[in-house]
Amino acid sequence: MRRSSMFLYTRKEVSSEADVVSHQLMLKAGMIDKLAAGIYTLLPIGLMVIENVKRIVKEEMDRAGAQEVLMPSVIPAELWQESGRWDKYGKELLRIKDRHDRDFCYGPTHEEVITDLVRKNVRSYRQLPLNLYQIQTKFRDEIRPRFGIMRGREFIMKDAYSFDVDDQSAEESYRIMYEAYHKIFKRCGLNFRAVEADTGQIGGSFSHEFMVLAQSGEDAIASCDKCDYAANMEKARTDAKRLASKPEDNKGLESVETPNKKSVEEVTAFLKVPAGRLVKTLIFKSDNRFAAILIRGDRQANEVKLKDIFAGNEAVLANEEEVKKITAAPSGFSGPIGLKIDIIADNSVKGMTNFVVGGNKKDTHLINVNIGRDFEIKQFADIANIEDSDPCPLCDKGHLKIDRGIELGHIFKLGTKYSESMKAYYTDAEGTEKPMIMGCYGIGVGRTMAAAIEQNHDENGIVWPIPLAPFKATVIPLNTNHEGIMEVAEKLYKELTELGIETLLDDREDRAGAKFKDADLLGIPIHLIIGERGLKEGKVELKLRAGGEKEMVPVDATAARVKAIIVEAI
RNA sequence: CGGGGCGUAGCGCAGUCUGGUAGCGCAUCUGCUUUGGGAGCAGAGGGCCGGAGGUUCGAAUCCUCUCGCCCCGACCA
């Protein structure tokens, strides 16, 4: 491509609206153009990167035995009503009506459509297993789109769906995807980790997220410094046994006055005990049922884990009035002793002895409280967020550290949630009908591009990993008015193009500095600089964007050298 | 949806408090010089100051309403 005729306009300044580096650089490099909140046009050079990501994804999906389809982006409401998600999905689902006033939605995900497709075509166990995928534009009406293309409302996504005869086979399909995802992100040149994740609204039994480590990441992930354990904060566990302090002999229960001391900080400061000796009692309401949640004083409840405790239903803290009714005391003095509602304790409470709780009476706390003697716990569960350097739940030596990450991929074992609600049954060898076991597997294509920039940039701009680079090489003639220079530039451009190497010829009548700045900003991996100095010896300068290494290469050997560098990288 | 902020030339911004000729930088166009890290000089074009209503002799500026965009929070494959 000739730079002089390309629809590519780089900028020195961008709006202060862009506050993550990938967004800023994409704007500066002329890759995207915003049309509305969370809705972007991909410009030629941005699209080239997207196409590279898509190509890698397709190759690995195909290699893993999946087959590509393309489903509609507009979906009739009936399908979503059938699965029950029309009412459950909420405002994120963009609902539209056609001219006959019929309901449709713009697909945010395609479980319904794929399940419908498969149930219409697959009857027998002989047709399974099956894995179908598509790369398509989706829409989710996010409350707050941000970070440019990283968290847009309209976005490109690869979604795959597997169908199997039984759990064992489904887990094999899952494992194949798990491995394919590793290959995909590795080929994209990304530093990532697969972490255990919550299944969220999609539902299902287990899942992994593929996270790229980045400061600007929206998710917190915990990983062990000794073993392979890694999990999203929503899922991360710790080892309650190693966390617990040594049990002490039970002391006698005592009531103490704590005038106006409500928060954990106030109470522990007043009683001069560490927060880890206090158990806080939170009254939650879900579906009009109340439950008391006990958590060690120095720990925070995790909303997602809580939701799981309440069988997936929304749980909210009880209001002041409800707390009074249940505990007979104002909030801040709730405790487990004497409560008539279910008491569920976080694992962090396990093994605690002689601790402090609220007295269910104004200005009163109880000390030297013990489980079993003073009250009973209905159930222990994992409720609290883990903290940095908590013990690892898998190995007995490691500790967890918390990083931020960007979720690029998510794989789920769905089970029969959709196949049962939508009647996707097959007939097995014995002639009985059974629901197919499903899995679903997503990759954010645009987000992968953004994450690659987050991980690969410097003060001068983007540093593309070679497989994603829109152009692998750029030919920079320093003086377009110099015949000899332009002759060599054209020759190299032609040779490289004929070798199948995407090359940008910067044939603009600009000064050298401007061209260098642009080549750096765009992140093109290999710069071929043609100037009078080198040409006197019949050489061009080859410079690598990533490390900055320079070498002088004879003109005739340049194309082959470039090819070699690319082959090695891909 | 709660709190905060911003809409002025293609882009980035000042001007608004205190009403009186609409400005700066980048980009664009012309000419000359320059040519290995975003060139210099001289000149030029480009604005319904987000939209509607109001106050005023006069509104980018004050008032009311509205639309859009951004940030924090809540929310979220």
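Keep in mind that this is a model prediction, so the values were computed, not measured. Numbers restart at 1 for each chain; the letters A, B, ... are given by sequence-line order, proteins then strands.
- For the C1' atom pair drawn from B/G38 and B/G20, the interatomic distance equals 41 Å after rounding to whole Å.
- To the nearest whole angstrom, the two P atoms, one in B/A52 and one in B/G19, are 24 Å apart.
- For the P atoms, the distance from B/U8 to B/C49 is 11 Å, rounded to whole Å.
- Distance NE2 (A/H527) to P (B/G37): 15 Å, rounded to an integer number of Å.
- In this structure, CG of A/L478 is placed 13 Å from P of B/G38, rounded to the nearest angstrom.
- Projected onto RNA chain B by closest heavy-atom contact, A/P108 and A/I143 fall at different nucleotides, the more 5' of which corresponds to A/I143.
- Ion pairing between A/E532 and A/K536 fails under the 4.0 Å rule for side-chain N and carboxylate O.
- Between B/G36, B/G12, B/G38, one nucleotide has an atom nearer to the side chain of A/T10 than all others, and that is B/G38.
- Of the candidate nucleotides B/C71, B/G38, B/U35, B/G38 has the atom lying nearest to any side-chain atom of A/K12.
- When both distances must be under 3.5 Å, the Watson-Crick or G-U wobble mate of B/A9 does not exist.
- With hydrogens and angles left out, the side chain of A/E13 and the base of B/G25 share a donor-acceptor pair within 3.5 Å.
- The A/A36 side chain lies nearest to B/C69 when the options are B/G36, B/C69, B/U35.
- Between the base of B/G36 and the side chain of A/N479 there is no donor-acceptor pair shorter than 3.5 Å.
- Nearest-nucleotide mapping onto RNA chain B: of A/G442 and A/R508, the residue sitting toward the 5' end is A/R508.
- Nucleotide B/G31: paired with B/C41 (Watson-Crick or G-U wobble, both distances less than 3.5 Å).
- One interatomic measurement links the two molecules: CG of A/D510 to P of B/G36, which rounds to 13 Å at whole-angstrom precision.
- When the nucleotides B/C75, B/U35, B/G37 are ranked by their closest atom to the side chain of A/K543, B/G37 comes out on top.
- A heavy-atom distance below 4.5 Å is found between the side chains of A/L190 and A/L408.
- Screening A/K28, A/R511, A/R545, A/R508 for a salt bridge (Lys or Arg N to Asp or Glu O under 4.0 Å) with A/D518, the sole residue that qualifies is A/R508.
- Nearest nucleotide to the A/D19 side chain, out of B/C71, B/C11, B/A74: B/C71.
- With a cut-off of 3.5 Å on both pairing distances, B/G46 has no Watson-Crick or G-U wobble partner at all.
- In a base pair of the Watson-Crick type (N1 to N3 plus N6-O4 or O6-N4) or a G-U wobble (N1-O2 and O6-N3), with each distance short of 3.5 Å, B/C17 is matched with no nucleotide.
- Remark: side-chain polar atoms of A/Y133 are not paired, donor with acceptor, to backbone N or O of A/G442 under 3.5 angstrom.
- Here the separation of B/A59 from B/A74, taken at their P atoms, is 45 Å to the nearest Å.
- A gap of 9 Å separates the P atoms of B/U61 and B/C17, to the nearest Å.
- Closest to the side chain of A/K34, from the set B/G36, B/C69, B/C11, is B/C69.
- Ring-plane geometry between A/H23 and A/Y40 is classed as perpendicular, the angle between the planes exceeding 60 degrees on a 0 to 90 degree scale with a lower cut at 30.
- Using a 4.0 Å heavy-atom criterion, one finds that A/E541 contacts the bases of the nucleic acid, with or without backbone contacts as well.
- Pairing for B/C1 is with B/G73, a Watson-Crick or G-U wobble pair whose two hydrogen-bonding atom distances lie under 3.5 Å.
- Atom-to-atom, CZ of A/R144 to P of B/C1 comes out at 15 Å; the value is rounded to the nearest Å.
- Residue A/R511 has its side chain nearest to B/U34 when only B/A74, B/G38, B/U34 are considered.
- Remark: of the listed residues A/R95, A/R153, A/K91, A/R153 is the sole one forming a salt bridge (Lys or Arg N to Asp or Glu O under 4.0 Å) with A/D141.
- With C1' as the reference atom, B/C69 and B/C24 are 24 Å apart, rounded to whole Å.
- Here the nucleotide nearest the side chain of A/R146, chosen from B/G38, B/C71, B/G36, is B/C71.
- Closest to the A/K517 side chain, of the nucleotides B/G38, B/C11, B/C72, is B/G38.
- A/Y89 has its OH atom 11 Å from the P atom of B/C76, to the nearest Å.
- Rounded to a whole Å, the NZ atom of A/K536 is 13 Å from the C1' atom of B/G36.
- The side chain of A/L521 lies closest to B/G38 when the candidates are B/C1, B/C76, B/G38.
- Using a 30° and 60° split on the angle between ring planes, A/F185 and A/Y181 fall in the perpendicular class, above 60°.
- If you check B/A59 for Watson-Crick or wobble pairing at under 3.5 angstrom, you find it has no partner at all.
- Salt bridge absent: A/R404 and A/D219 never bring a charged side-chain N and a carboxylate O closer than 4.0 Å.
- Rounded to the nearest Å, the gap between the P atom of B/U64 and that of B/C48 is 26 Å.
- As rounded to whole Å, 12 Å separates atom P of B/C71 from atom CD of A/Q24.
- Protein atom OH of A/Y9 is 16 Å distant from nucleotide atom C1' of B/C26, rounded to whole Å.
- For the P atoms, the distance from B/G53 to B/A44 is 36 Å, rounded to whole Å.
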